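Chain letters run A, B, ... following the sequence lines, proteins first and then strands; every chain starts at 1. Because the structure is a prediction, the values reported are computed rather than measured.
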Amino acid sequence: MRRVKKILNDPAKVVEETLEGMNLAGDGATRLLPGNIIVADREKTDKPALLIGGGSGHEPMFAGYVGPGLADGAVCGQVFAAPSPDAIVAATKAVDCGKGVLYVYGNYSGDNMNFDIGAELADEDENIATRTVRVRDDVAAAPVERMDDRRGIAGDFFVIKVAGAASEAVDTLEELHRIAAKAEANTRSIGIAVSAGSIPETGEPTFELGEDEIEIGMGAHGEPGAKRQKLAPADEIVDQMMDLLLADLPFKKGDEVALLINNLGSSTPMELFVANRRVRARLADAGITVHRTEVGPFITSQEMAGYSITLMRLDDELKGYLDAPASSLAYSN
Amino acid sequence: MRRVKKILNDPAKVVEETLEGMNLAGDGATRLLPGNIIVADREKTDKPALLIGGGSGHEPMFAGYVGPGLADGAVCGQVFAAPSPDAIVAATKAVDCGKGVLYVYGNYSGDNMNFDIGAELADEDENIATRTVRVRDDVAAAPVERMDDRRGIAGDFFVIKVAGAASEAVDTLEELHRIAAKAEANTRSIGIAVSAGSIPETGEPTFELGEDEIEIGMGAHGEPGAKRQKLAPADEIVDQMMDLLLADLPFKKGDEVALLINNLGSSTPMELFVANRRVRARLADAGITVHRTEVGPFITSQEMAGYSITLMRLDDELKGYLDAPASSLAYSN
Amino acid sequence: MTTELDVAGVRGMFVAACDAMLENIELLTHADQAIGDGDHGVGMKRGFAAALAFLNENEPANVGEIFKGVGGAIMSASGGASGAIFGTFFRAGNKSIGDAVMLDGAGFAAFLKAGLEAVEKRGGAAPGGKTMIDALDPAATAASGAGEDLEAVLAAAAAAAKDGVEATKSMIATTGKARTLGERSLGHPDPGAISLSIVLDAMAKAAAGADAATA
Amino acid sequence: MTTELDVAGVRGMFVAACDAMLENIELLTHADQAIGDGDHGVGMKRGFAAALAFLNENEPANVGEIFKGVGGAIMSASGGASGAIFGTFFRAGNKSIGDAVMLDGAGFAAFLKAGLEAVEKRGGAAPGGKTMIDALDPAATAASGAGEDLEAVLAAAAAAAKDGVEATKSMIATTGKARTLGERSLGHPDPGAISLSIVLDAMAKAAAGADAATA
Ligand SMILES: Nc1ncnc2c1ncn2[C@@H]1O[C@H](COP(=O)(O)OP(=O)(O)O)[C@@H](O)[C@H]1O
Ligand SMILES: Nc1ncnc2c1ncn2[C@@H]1O[C@H](COP(=O)(O)OP(=O)(O)O)[C@@H](O)[C@H]1O
Ligand SMILES: [Mg+2]
Ligand SMILES: [Mg+2]
Ligand SMILES: [Mg+2]
Ligand SMILES: [Mg+2]
């Protein structure tokens, strides 16, 4: 099989070296702890804390979103593999300020199991209360009746942004959980891909697509989507995506939304902006207004070529937290 | 020749559609004018203005850096082609506040000629004074004795950031020019690539590299670099780059720098962070401290895989402008 | 027949399982590329290498400590779904076997039963969902009907797990990253099921070999 | 021999040049891929398509207006180095020819000389730098020695430009995007020189054809 060309050292150490580089890029804003944990380097304040995490290989997600107004820490697994319970417990201890810790992560069986074990250990061994919000924004993964079978993709970012801002503002873990859960419940995404990413350690593309094929509903690890079809003009592809997305929550006339177009890796920014043009036309047609747009690499899937579209339906509370100041390696506001 | 797979509409209209999408993504912060011009949508204040521009295909450069604390406008050519003089004149008129306009762009013969013609027309027909700073940061393009033969790559960003902040603070075009020229004079970059980008309208890779080859000194349009060699571990590649970079200005013990690691397109963020790790080790060895780091896609070259490293040597004045607040589609501070 | 093994024997059986896993990484990678995200091989490599290190660097006082150490090593070094699953699976052996210093067939069958329950509880998956449970569940059933003799129990479990892997080919995934493949997952075996089968097969062979050596 | 052309004849000669350029886009693309950034073909396509539109949609009153309109269309539609260069080149014809209503060989030779000077002034490149100047400079020289007859002057200029293109193959680029190629630019012709040669060749053929038609 074709081996992917990358500029790396030992692929087995890529996660450790990546996190070292990310921590250094923070120029003092973060600290790197054993177990592939990055935490914000600031005085502990008396607040419920936010811990995020998941498999690596999606940079800048998760460690790029650690800082004031965002997460207090990120616990990072190996490439496409959830972090282990002991790392999760160590990260939980590191971020807890005495008011407990909210976990926000994508809904995958690996993450669910490892964070759940971590939560049990944090409770039993460390006496730290935790709550969990699993992001299930990918409409392609399962019908709406089976929300729990849906995986978390770029919607992670909006939930993290809202939860990060809320964690600075509210007093209890319950309240933080309520707000993050509301953000999650109002977020929907759909992804597509035209070529595969690869895991550095294997160096092989995780799937194969024909020269003129596109996968609608592609997941952030190259998991298959809703369907595979012939490549078509951008406007047609975006229309298919928007049809699935708008129908799902559903988003309705008069809704106000935040919009995120996420680069899964090596799509050109041009393609994302061309898509945005059509997304906005569709939203205007549907009578939906956009409060805020983000375009760029928020959660990548190695060098996969493709992108996803995310909408979060807003109310005044969510809007306030979304607009609140934030500062981190990958997102400032 | 292999055709590159992208999600576009009519490739001949890709620049227009991209700019439409970029303008919409600003959610009201910018306006799109005829001639592929994006300007900040704000009250004209009594200040020397900053106009940036160049060929398209490098998104988010240039139109992504329009906003308070950054450029007042960007004039965008077709893919990899400088904008025409008439568009430059129109953009000059749109951003001028009565105190003249500074042009900042990369040093390419196409940009130089078109902006020079534009400047002559702005002077003759519109009575608008202009000054120019051409960014010549690419150390691979020519020896230091022939600075004018060097092209502008990711160093554009630092010069734009400093000039944008300065344009809000100073009173005259001369003073703005002095500061931008100082930023330019203190900025050096070096790029590498492992695979090519393509121009949407031709759909063909702009160069070919062997399966285990890397080009050291690759330019932002796929122009060849200093040399082509076998791929090696990241640390060795970064060492080669740092050797060229540090020797050039030269950067010396005790210097304080800003650091930018720019994704040329489809390198994975992991690769950039792994590189940052080694860059920081080399800088520490050389007794150079880093004031601020940026990592991500600042000036891309379509889907080229590769990255560049940029250093700007700082003094208190440059540091102040670099840290000043800025807000735009692609960079906020 | 190897009726039972002492602590050193159990340790040897686990070393054999680790070795077998480490020899089959590419197979697991390709299985996960076909219907998952391609990382099952590297995950198992990290986990079983850590388990091997544990076995090489420690002197377990009883059989339970071996199960606990191996499960803990896999859980913390593998990460991912399979780290939690295989970690949970082996650690269940510590609870069911505890500080026993000998492992016989009934003990191993009890471990498989406890492991299955723990995995089902942790992951919420059920038989038929195209996971390692579809190798584990038949293995546990076969083991519980195979008497007291360790070698016989292991042989029965390994054979049943192997059939279980085959059976996963005709299942449509309902759990994990293969879920959205739907019908496209047909024809491919489940990667985690393959891993379990490799482990049980290596253990069965080790137990048979231990017999030959001491017979 | 076509000694001179009126406004309609000059217009026809430019239409032929535009058509020839538009037929050779891929050639130009590949030439620029070899030593530049690959956009020369699409740039010339935009420019000469705009020039053709100008020619089709306007009724120029004199020869100078044709040169000015074509140069302006290319300059604003092409962009890039070649837009400025070819735009500057053709616009120089307006200054040298002005409101004349006939174009003869001496007039064309004067245009090439003025165009060369304008291009050198605008871009700062000199002969030997592997640019379109290496086709234009010999063409201008050949034209100035070829007398008054337009057809003869064009034939001489076109032949010299063609040789000029050949000569660029053995030059090392010192300007533009091919500069950093250094010795690697050897063996490849300069894309802009090819364009100039196509233009002059098409004009020469058009002038010869115009003759044949009116002979
Ligand atoms: N909930 C679950 N219950 C049992 N086994 C599971 C569960 N989820 C996943 N698995 C097993 O884990 C295997 C995948 O492991 P791995 O590739 O390492 O994890 P990931 O899905 O995180 O990439 C699957 O083949 C399956 O056998
Ligand atoms: N300074 C210059 N003087 C004369 N011709 C030039 C100059 N710079 C570039 N050219 C011509 O322009 C051609 C490249 O055109 P094009 O590919 O359209 O521009 P770009 O370099 O902006 O991509 C070169 O082949 C060369 O003939
Ligand atoms: Mg995984
Ligand atoms: Mg160009
Ligand atoms: Mg997997
Ligand atoms: Mg070119």
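- Per-residue heavy-atom pair counts under 4.5 Å with chain C were compared for A:S84, A:G219, A:S198, and the maximum is reached by A:S84.
- If you measure heavy-atom distances from A:F80 to chain C, the contacts under 4.5 Å come from both the backbone and the side chain.
- With a 4.5 Å cut-off on non-hydrogen atoms, C:S82 does not touch chain A at all.
- Separation of atoms OG1 (A:T202) and NE2 (C:H30) is listed at 7.5 Å; rounding is to 0.5 Å.
- Among A:G55, A:G222, A:P85, A:G77, the residue with the largest count of heavy-atom pairs under 4.5 Å with chain C is A:P85.
- Put simply, of A:G35, A:A82, A:A12, the one with the most heavy-atom pairs under 4.5 Å next to chain C is A:A82.
- Of the atoms belonging to A:D138, not a single heavy atom falls under 4.5 Å from chain C.
- Atom CD of A:E201 is separated from atom CG of C:D39 by 10.0 Å, given to the nearest 0.5 angstrom.
- Between C:G79 and A:N114 the shortest heavy-atom distance is C-ND2, 4.4 Å.
- No other option in C:G87, C:A84, C:G38 has as many heavy-atom pairs under 4.5 Å with chain A as C:A84.
- For the set A:G217, A:G54, A:A81, the entry with the most heavy-atom pairs within less than 4.5 Å of chain C is A:A81.
- A:I117 has its side chain within reach of C:T88: a pair of non-hydrogen atoms, C-beta onward, lies under 4.5 Å apart.
- Only the side chain of A:D86 comes within less than 4.5 Å of a heavy atom of chain C; its backbone N, CA, C and O stay farther away.
- Separating the CD atom in A:Q302 from the CG atom in C:D37 is a distance of 11.5 Å, to the nearest 0.5 Å.
- For residues 9-29 of chain C, heavy-atom neighbours of chain A at less than 4.5 Å comprise C:T29, sorted by residue number.
- For residues 56-69 of chain C, heavy-atom neighbours of chain A at less than 4.5 Å comprise no residues at all.
- Heavy atoms closer than 4.5 Å to chain C are found in the side chain of A:I199, but not in its backbone.
- Chain A is approached within less than 4.5 Å, heavy atom to heavy atom, by C:R122, C:G123 from residues 90-124 of chain C, ordered by number.
- Both the backbone and the side chain of A:A141 come within contact range of chain C, each with at least one heavy atom under 4.5 Å from a heavy atom of that chain.
- More than 12 heavy atoms of other residues, nucleotides or ligands sit less than 6.0 Å from atom CD of A:E124.
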Exercise for the section: Go through the steps for A:M113 and C:I85 under the test side chain to side chain contact (heavy atoms under 4.5 Å, CB included), then give the verdict. Expected result: CA-CA 8 Å; A:M113 290 187 280; C:I85 288 292; 3.4 Å; yes
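- Listed by sequence position, the residues of residues 154-169 of chain C in contact with chain A number zero, using a 4.5 angstrom heavy-atom cutoff.
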